[in-house]
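For the numbers below, each heavy atom of this structure counts, side chains included, while hydrogens, waters and symmetry mates do not. So that the names make sense, note that chain A is the first sequence line, chain B the second, and so on, each numbered from 1.
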2 protein chains.
Amino acid sequence: MVSDTQNSTLTQKLADSGLRATSQREIVYQVLLDQRDHPSVDEVFSRAKALMPTISLATVYNCLDALVGCGLVKQVNFERDASRYCPNLQDHAHFHDDATGRIVDIDLPAEVLAKLRNLLPPGYEPGSIELNFRGRAAP
Amino acid sequence: MVSDTQNSTLTQKLADSGLRATSQREIVYQVLLDQRDHPSVDEVFSRAKALMPTISLATVYNCLDALVGCGLVKQVNFERDASRYCPNLQDHAHFHDDATGRIVDIDLPAEVLAKLRNLLPPGYEPGSIELNFRGRAAP
DNA sequence: CTATATGCAAATAGTTTGCCTGTTA
DNA sequence: TAACAGGCAAACTATTTGCATATAG
């Protein structure tokens, strides 16, 4: 369930980006918060349909774009795989377990983030940094 | 031009992965070495066609896969954009300049790479690490 | 009330596949 | 001369678009 606090954050954040709060966007956000397993668009779609049978796939794409656009959700891309979505707003990296396909959040301390920024030549301003690991996760 | 040394490296590396040296693979590799601007498949295709008019798009995909598979080339993915290819074998990150679309290699010192590895919980074995920046490059 | 969002279906982009022929080791 | 690779066209998947209707602010 989305709490009132989450809901007002959602409405607020959408409004900050000039976007409207719609029931579809609320549901898509709720789906991401409910099960933090980095679902693909199709997975979000089927979970959202369980809550609102009339929602369409195109709308799920639109809602996810809106949530990414207003900064509440991050889009996770591993190679050419379908995009996955993550409502974790803390700085973090992702680890893709090749054995299971699962994606795990990896904490990214500010100190390490600063080191990464320092790799850039002067004048380079990174708007976003994406750090992705692939391999075997602990059993 | 691909030097003899590069050519034997190519043949060698392909053989190491159980793959054959073909003129198409040589040309695709040469295209990547000639202009290190992280071309997309379509760009590689049109440059390769200039050298071998009969080469097909599917073959360019196959050749790039083979070169990535034998470790001579890296595949670079930014968000959902088409894959780009890079013959730089040193450890490095990529910076995507949002203004121009250009991708620049960023050196990734072993010391920083080690720090990134250390972010992982015990038992996590990263086969690959991808670090991508997006933003404004220096003018 | 009016701009914005939804739903549906069709379109697109990138990539993969199947099948038959050509080439490499 | 096998096994592997290339060429071509069709298939597929993820995502986007156009347009008519519905809804938020």
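At the heavy-atom level, Ser40(B) lies nowhere under 4.0 Å from the strands shown. Using a 4.0 Å heavy-atom criterion, one finds that Ala21(A) contacts the sugar-phosphate atoms exclusively.
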Every protein N/O lying under 3.5 Å from an N/O of nucleotides 20-22 of chain C:
none

Listing time: all N or O pairs from protein to nucleotides 12-19 of chain C that are below 3.5 Å?
residue	atom	partner	partner atom	Å
dT15(C)	OP1	Ser83(B)	N	3.2
dT15(C)	OP1	Ser83(B)	OG	3.3
dT15(C)	OP2	Tyr61(B)	OH	3.0
dT15(C)	O5'	Tyr61(B)	OH	3.4

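Ranked by how close their nearest DNA chain C nucleotide is to the 5' end, Thr11(B) and Gly18(A) are led by Gly18(A).
For Leu14(A) and dT6(C), the CG to P distance is 10 Å, given to the nearest whole Å. Lys49(A) places its NZ atom 16 Å from the P atom of dT6(C), with the value rounded to the nearest Å. Between Ile27(B) atom CD1 and dT23(C) atom P the separation is 14 Å, expressed in whole Å.
Residues satisfying the salt bridge (Lys or Arg N to Asp or Glu O under 4.0 Å) criterion with Asp97(A), sequence neighbours excluded, are absent altogether.
Taking the charged nitrogens against the carboxylate oxygens, Arg102(B) and Asp37(B) have no contact shorter than 4.0 Å, which rules out a salt bridge. Looking at Arg25(A) and Asp65(A), no side-chain N of the basic residue comes within less than 4.0 Å of a carboxylate O on the acidic one, giving no salt bridge.
Taking every nucleotide of DNA chain D with any atom under 4.0 Å from a non-hydrogen atom of chain A, the first and last of them, 5' to 3', are dA14(D) to dG25(D).
Every pair passing side chain to side chain donor-acceptor pair (under 3.5 Å) that includes a residue from residues 48-60 of chain A is listed here, sequence neighbours excluded: Ser56(A)-Thr59(A).
Here Thr59(A) does not reach the OP1 or OP2 of dT6(C): none of its side-chain N or O atoms lies under 4.0 Å away.
Five base pairs at each end of the helix from dC1(C)-dG25(D) to dA25(C)-dT1(D) define two local axes, and these are offset by 50° (rounded to 10°).
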